[in-house]
Protein chains: 2
Amino acid sequence: MGTRILTVEDDERIRTAVKLALEDEGWEVEEAETGEDAIARFTRTPSDVVLIDIMLPGVDGFEVCRSIRRQSDVPIVMVTARADTHDVVAGLEAGADDYLTKPFVPKELSARIRALLRRARPASPGNPRLRFEELEIVPQEGVVTRGGDQIHLTKTEFRLLVELANNPGKVFSREDLLEKVWGHGVFGDGRLVDVHVRRLRTKVEADPANPRHVVTVRGLGYKLQP
Amino acid sequence: MGTRILTVEDDERIRTAVKLALEDEGWEVEEAETGEDAIARFTRTPSDVVLIDIMLPGVDGFEVCRSIRRQSDVPIVMVTARADTHDVVAGLEAGADDYLTKPFVPKELSARIRALLRRARPASPGNPRLRFEELEIVPQEGVVTRGGDQIHLTKTEFRLLVELANNPGKVFSREDLLEKVWGHGVFGDGRLVDVHVRRLRTKVEADPANPRHVVTVRGLGYKLQP
DNA sequence: CAAGATTTTCAACGAATTCTCAAGCGCCTG
DNA sequence: CAGGCGCTTGAGAATTCGTTGAAAATCTTG
């Protein structure tokens, strides 16, 4: 359910610094080193915000921006060392929503991203309803229904389900889930995830002993059957 | 009908320079010299974009921003001579969408405004009359009726209800509500929202202990049942 | 300025939820 | 086919979360 941010930056030091700052805000960060990589990643699984450095090897930031803008309304922030006004204008004309010049303070980056999210969220086209046969999930409303009847999930159960549902079929290890659902900084107690998966099943599955949606992949983790 | 921009700036030279630059883009410009003036003008006839200088005599730019944001979703750009990151963050937290530091090039200002307009939410058409069973809300008139009888809500209670009613079914976290209803700059955040939700319930619900409209989603926040 | 209305803070209670622990069960492997 | 490893299950303890009443602080109004 978290906010996902894609950062495109070839300088590794800056990349990790930015990543840490953004994760501090509770956002998930995905990294790309080249323009091609960024476009590919975004096409595969769109993020909620994109952060683009202009100077990249190969396809440059402007092109990445245009390419992503062509397929989505996602908020885009451009970053560069060049403080040239011409660049700023070019970036915004390419479809970016904001433009930052290095060096910048992480706090400001976070604040600007938050401002963009505040505006983008409600405008987000159609709430992505997730359906799996008789199961329906409406993340925005915190609602899950089975065969039309609403079922009550606790916060953790809900987050767990949404996380799995965001990538149907993908197997999540316990570590993955701990990280995504509980956030970083949880020392892994072995059976924590298991217990919650179980409680999720008793609510979501018709026959919890023979789950049809939340299935376990022995030795690897859990996944949601598409 | 063109795009109208309200600029708030006490330095006359800058004001006219900005005005010329914006009119060059084909936008209509309305000027205000003080914060009070700006708020009054905006309240009378809302513009499509607001440009606010932070350092103003009397009510400062942050306050103007919060005040306008409280009554509208209009795109807001803050401008200042101070390049202090702290200010930028404060501005964005106050509800601004972008932040420029002087000196800036008119071209950049125009480009940023254009970017904001591109994303601006289409104004809600006409009267979105809000009805929820026996509850009726008329935002423009500040009136709420239950079963035909008008009920009295305080300002805060009313804003809270309208905010929830604008997205029926959507869950609002306490942070969401604090931001939207109170505007930023709220420090002590204890159970503030809870208390107001409670008072709202005692007035709006037949049985406040078993609310049918303003329901709480444990662990997530509150929502208005559609 | 004072009374009244409204907003905000505070603390305590009860209930819902999360987490831990330990035993049980079944599948895979040797 | 026996043992181990990994997953499931149940129940109890600890924690978090929301509700509530009342009082303090602030704002409005006459």
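Here is the naming used below: chain letters follow the sequence lines, and residue numbers restart at 1 for every chain.
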Starting at CG of B:Leu220 and ending at C1' of D:dT16, how long is that distance when rounded to a whole Å? 14 Å

With the side chain counted from C-beta on, respond yes when A:Lys19 and A:Thr7 share a heavy-atom pair under 4.5 Å apart, and no when they do not. no

On DNA chain C, more 5' by nearest nucleotide between B:Lys155 and A:Thr156 is B:Lys155

I'd like to check the ring pair (Phe, Tyr, Trp, His ring centres under 6.0 Å) partners of B:His213; sequence neighbours left out, ordered by chain and number. none

Please list, for nucleotides 26-29 of chain C, all pairs of protein and nucleotide N/O atoms separated by less than 3.5 Å.
residue: C:dG26; atom: N2; partner: A:Arg218; partner atom: NH2; Å: 3.4

Phosphate-side-chain proximity, B:His196 and D:dT19, N/O vs OP1/OP2 below 4.0 Å: no

Per nearest nucleotide of DNA chain D, the residue lying toward the 5' end, A:Thr216 or B:Arg174, is A:Thr216

For A:Asp194 and C:dG24, give me the distance from atom CG to atom C1', rounded to whole Å. 14 Å

Which part of the nucleic acid, if any, lies within contact of B:Val197, taking any heavy atom under 4.0 Å across all strands shown: a base, the sugar-phosphate backbone alone, or nothing? nothing

Residues B:Asp37, B:Arg41: salt bridge by 4.0 Å N-O rule: yes

Determine, stepwise, if the pair B:Ile151 / B:Thr145 fulfils side-chain contact (heavy atoms from CB on, under 4.5 Å). CA-CA 6 Å; B:Ile151 55 187; B:Thr145 60; over 6 Å; no

Whole-Å distance between D:dC7 C1' and A:Leu192 CG? 15 Å

From CG of A:Leu160 across to C1' of C:dC19 the rounded distance in Å is 15 Å

NZ/NE/NH1/NH2 to OD/OE distance under 4.0 Å, A:Arg112 and A:Glu108: yes

Quickly work out the B:Glu157 CD to D:dC27 P distance and round it to whole Å. 18 Å

Before you tell me yes or no, could you show the steps for A:Trp182 and A:Leu192 under side-chain contact (heavy atoms from CB on, under 4.5 Å), namely the whole-Å CA-CA distance, both residues' side-chain angles and the distance that decides it to 0.1 Å? CA-CA 10 Å; A:Trp182 277 264; A:Leu192 215 188; 3.8 Å; yes

In whole angstrom, give the distance that lies between atom CG of A:Leu153 and atom C1' of C:dT17. 13 Å

Whether B:Glu30 and B:Arg4 form a salt bridge (side-chain N of Lys/Arg under 4.0 Å from carboxylate O of Asp/Glu) is what I want to check. yes

What is the distance, rounded to the nearest whole Å, between atom CZ of B:Arg198 and atom C1' of C:dA11? 14 Å

If the cut-off is 4.0 Å, is A:Trp182 near the phosphate of C:dC19, judged by side-chain N/O to OP1 or OP2? yes

Presence of A:Arg191 side-chain N/O under 4.0 Å of C:dA22 phosphate oxygens OP1/OP2: no

Measure from the side-chain heavy atoms of B:Thr154 and tell me the nearest of D:dT8, C:dT18, C:dT6. C:dT6

Compare side-chain N and O positions of B:Tyr222 against OP1 and OP2 of D:dT19 and report whether any pair is under 4.0 Å apart. yes

Expressed as a whole number of angstroms, how long is the span from B:Phe158:CZ to C:dT6:P? 15 Å

